**Student:** 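Below is a structure I'd like to ask you about.
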Protein chains: 2
Amino acid sequence: MSDLNVVNAAEVAVVADRGVSRRGRDQRELDLIADGAVAIRGGRIVAVGRTPDVLKEWGEDGVATLDASGQTVLPGLIECHSHPLFSGKRHAEYQLRLDGASLSEIAAAGGGIWSTVVATREADDRTLMAALDTTYARILAAGVTTLEAKSGYGLTPAHELHQLELLDRSRAITPLSLVISYLGAHVVPDGVGADAYTSEVLETLPAVIDQGIAAFHDITCEAGLFTPEQAASMFAASRARGIRTKAHADAWASSHGWETAVAGGAVSAEHLTYTPDDEIRGVGGTDTIAVLLPQAELVYMTERRANARLLIDQHVPVAIATDYCSSIHATSLTTTLGMAAPWFRMTAAEVIVGATLNAAYALRLEGDRGSLEVGKRGDLTVLDIEHPNELTLAVGQSVVSDVVIGGEIQQREPDRRTR
Amino acid sequence: MSDLNVVNAAEVAVVADRGVSRRGRDQRELDLIADGAVAIRGGRIVAVGRTPDVLKEWGEDGVATLDASGQTVLPGLIECHSHPLFSGKRHAEYQLRLDGASLSEIAAAGGGIWSTVVATREADDRTLMAALDTTYARILAAGVTTLEAKSGYGLTPAHELHQLELLDRSRAITPLSLVISYLGAHVVPDGVGADAYTSEVLETLPAVIDQGIAAFHDITCEAGLFTPEQAASMFAASRARGIRTKAHADAWASSHGWETAVAGGAVSAEHLTYTPDDEIRGVGGTDTIAVLLPQAELVYMTERRANARLLIDQHVPVAIATDYCSSIHATSLTTTLGMAAPWFRMTAAEVIVGATLNAAYALRLEGDRGSLEVGKRGDLTVLDIEHPNELTLAVGQSVVSDVVIGGEIQQREPDRRTR
């Protein structure tokens with residue numbers, strides 16, 4: 001069914017088209033509808049309002065009804081940064097890092113992203129698809145409706161194109177709406193210089209565009225990987241060929257990543273852990289979305305955190321994501337949001353907007369989803385809390401009751417509801 | 001049934017009686033048994049070993065068998081610090097704190113622990129018991145087998161004794177094994193001086209002991225609440241009357257809490273966020289367990305973290321707990337452990353020991369549970385990961401497959417197993 005009425009919610013959180021500091025319009029509080037309801041017809045939202053009002057117009061016989069009494073309804077959560085397609089294990093090297101080993105020591109011991117590239121290249125499609133199946137199920141169970149998924153563990157033209165194809169085929173195994181990004185410029189492969197590999201990425205780009213799967217070209221600008229000049233050449237080529245761009249920027253060191261991404265016209269720049277305050281002030285307001293990743297900063301034990309407050313003060317829209325990848329197996333976006341609030345000193349409203357409307361902007365899907373507005377896709381995340389603020393009190397607790405994608409209920413937990 | 005064979009586990013993690021730096025014996029790696037099995041009879045462990053060996057001796061007909069293929073079996077997780085009995089909501093004040101308000105500003109606005117005390121005193125028993133029911137179910141679902149539960153939101157003799165009684169009655173609604181602590185000295189009630197309230201706690205102690213519910217007297221030593229002298233008087237009275245002690249220490253400021261707790265003979269001292277390095281060095285090795293609470297430090301946005309590495313270096317046994325309370329609704333101990341690893345730079349082995357054997361020591365149950373040893377209680381936490389290290393990669397993901405308490409399976413997730 002793609003017709004559904006969701007009724008009696010303690011609170012329906014209406015995220016309107018004014019993300020966190022997006023174009024200077026602050027969203028410090030969510031618009032809430034107590035005893036709220038959402039009506040979906042043909043997979044699209046047709047009404048959002050108080051339950052009696054919505055039922056009066058849309059309470060037809062034969063339409064499925066989800067009783068969200070005592071619960072909170074959010075726009076379907078959007079996970080806008082993930083690397084789900086990989087094989088291999090990195091838990092042992094993480095113990096070495098916890099014990100103080102440096103990244104270069106890890107790499108010398110055969111660990112790091114390169115170990116994932118080798119294992120992923122060697123894995124057969126069935127193994128990779130089975131892993132995606134498990135990962136998607138976990139991400140969906142934790143409340144996500146749309147997932148951005150990057151290639152980037154192939155690092156040859158053939159392997160990258162194959163990973164994009166596998167990600168495309170994986171649409172058949174999940175109700176998650178997938179947005180796929182080409183991340184050929186993830187790291188520089190062993191034995192290849194950064195200039196040579198930049199050229200290889202540029203040469204691969206036409207084939208990626210011909211393939212028609214990747215919605216974005218994700219480009220790394222990071223000290224020791226790709227310089228601002230190399231990144232700029234990739235942004236320019238992408239713009240010339242008409243593919244939108246994202247950036248991996250300043251995850252490990254101040255690398256001029258933020259200013260390079262904004263100058264390159266990137267839709268989003270992701271990580272920004274080490275972006276200096278001066279650079280944030282220098283760039284000022286922009287429509288490039290800052291995608292911040294608190295779980296990555298936790299696991300990588302970074303020496304600083306992205307300066308979310310300064311970005312917001314500068315009228316930069318901020319999104320929050322989890323960064324599921326070979327070294328971070330976290331699959332719960334609600335956990336990430338709960339963590340993000342104290343980590344970045346963001347309010348519940350800010351982190352929720354960061355994983356709904358601003359995350360939709362990061363995928364250029366803001367016209368189609370990311371808020372509860374008539375005409376948008378019927379994507380909802382129903383949480384077993386009475387007020388959306390409570391999301392920030394419960395880090396790691398499974399607060400997700402139901403996930404609705406295009407008006408179809410993907411998950412029900414009747415036990416929890418009747419408890 | 002309290003007879004059970006758990007077989008075919010990818011790894012069985014045997015935590016032997018040598019916790020993290022307990023009495024100088026480091027446990028940097030877990031002892032693992034690949035293709036491992038555990039046999040339980042009459043609720044007690046009778047064998048731990050390789051599956052073929054265990055089945056040869058214990059593979060009788062008619063005994064239930066849990067197939068843990070591809071999974072990891074840990075000693076049942078022990079949550080050794082919680083405040084589950086409360087009413088009221090504090091999510092709104094948390095938004096003020098995220099926005100920069102100080103604790104004294106929060107208190108002036110009617111928030112803080114005192115607001116919970118008022119709401120809890122006003123709540124009827126049925127409401128409180130229903131909340132406990134939900135909380136216990138969530139904590140158990142996240143892998144916990146034994147839970148320490150504190151009073152402390154009553155703060156009059158009558159209210160505290162009633163809270164202890166409610167906690168005792170709540171044993172009937174959960175399979176969790178509860179260990180109950182009297183925390184009369186949680187904060188100083190509004191309108192009562194700390195000296196006067198210390199006297200009141202001392203006068204209440206005989207009734208608490210007569211009641212026979214509390215296994216521990218938990219005593220706060222914190223600047224602005226109870227001084228070291230006031231705390232010492234409570235430790236002395238507890239020792240004289242034969243009730244074991246715990247301490248809330250140095251959560252908000254350096255308060256001589258660690259040295260006061262150790263000098264007072266506390267079984268454990270909890271928080272230790274602001275305990276100065278010099279004080280840790282001065283105290284040196286001790287059998288007092290340091291119970292560290294990373295989620296509390298995250299949510300309270302403390303300016304520093306407990307120095308777990310220095311404590312371990314000084315041969316102090318370290319336990320990890322979640323601190324579920326009115327301002328922290330986190331219920332997942334596995335999430336807390338995943339967070340603790342990078343937060344404190346502890347290895348997977350250290351955090352797992354910290355929530356099994358060292359947590360058992362913190363409850364003085366080390367002879368009965370906390371490790372997989374013949375004769376101990378048949379408490380197991382079965383995780384859907386192939387190696388225990390993976391627990392630290394997956395912050396917020398629900399990795400718990402089954403929880404076994406006294407040989408009885410409390411939770412099964414067959415869907416996940418067959419995926």
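Given the structure is predicted, the values throughout are model-derived calculations rather than measurements. Side chains are part of it too, since the values below use all heavy atoms of this structure and drop only hydrogens, waters and symmetry mates.
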**Student:** Measure the CD-CG distance between A/Gln95 and B/Asn389 for me, rounded to the nearest 0.5 Å.
**Tutor:** 3.5 Å
**Student:** How about B/Thr392 and A/Tyr94: do any of their side-chain heavy atoms sit closer than 4.5 Å?
**Tutor:** yes
**Student:** Examine whether an atom of A/Ala142 lies under 4.5 Å from a heavy atom of chain B, and if so say whether it belongs to the side chain, the backbone or both; otherwise answer neither.
**Tutor:** neither
**Student:** Please name all residues satisfying side-chain hydrogen bond (donor to acceptor under 3.5 Å, both in side chains) with A/Thr356, sequence neighbours left out, ordered by chain then number.
**Tutor:** none
**Student:** Can you tell me which of B/Ala92, B/Gly396, B/Pro388, B/Pro342 forms the most heavy-atom pairs within a distance under 4.5 Å of chain A?
**Tutor:** B/Pro342
**Student:** Look at the aromatic rings of B/His91 and A/His387 and report parallel, tilted or perpendicular, splitting at 30° and 60°.
**Tutor:** parallel
**Student:** Can we say B/Asp99 and A/Arg309 salt-bridge, meaning some charged N sits less than 4.0 Å from an Asp/Glu carboxylate O?
**Tutor:** no
**Student:** Considering only heavy atoms, which portion of A/Glu390 lies under 4.5 Å from any heavy atom of chain B: side chain, backbone, both, or neither?
**Tutor:** both
**Student:** Counting heavy-atom pairs closer than 4.5 Å to chain B, which one of A/Ala130, A/Ala394, A/Ala341 comes out on top?
**Tutor:** A/Ala394
**Student:** I need the contact set between residues 78-90 of chain A and chain B: heavy-atom distance under 4.5 Å, sorted by residue number.
**Tutor:** A/Lys89, A/Arg90
**Student:** Could you pull out all residues at least two apart from B/Trp252 that satisfy side chain to side chain contact (heavy atoms under 4.5 Å, CB included)?
**Tutor:** B/Leu103, B/Glu222, B/Tyr300
**Student:** Identify which part of A/Thr334 has an atom lying under 4.5 Å from any heavy atom of chain B, answering side chain, backbone, both or neither.
**Tutor:** neither
**Student:** Side chains of B/Met339 and A/Leu298, heavy atoms from C-beta outward: is any pair under 4.5 Å?
**Tutor:** yes
**Student:** Is there a side-chain contact between B/Leu98 and A/Met346, using heavy atoms and a 4.5 Å cut-off?
**Tutor:** no
**Student:** Could you work out, with side chain to side chain contact (heavy atoms under 4.5 Å, CB included) as the rule, every residue matching A/Ile173, not counting sequence neighbours?
**Tutor:** A/Met129, A/Leu132, A/Asp133, A/Tyr136, A/Ser170
**Student:** Do we see a donor-acceptor contact under 3.5 Å between the side chains of A/Gln397 and B/Thr335?
**Tutor:** no
**Student:** Are the side chains of B/Arg138 and A/Asp384 in touch, meaning some heavy atoms are under 4.5 Å apart?
**Tutor:** yes
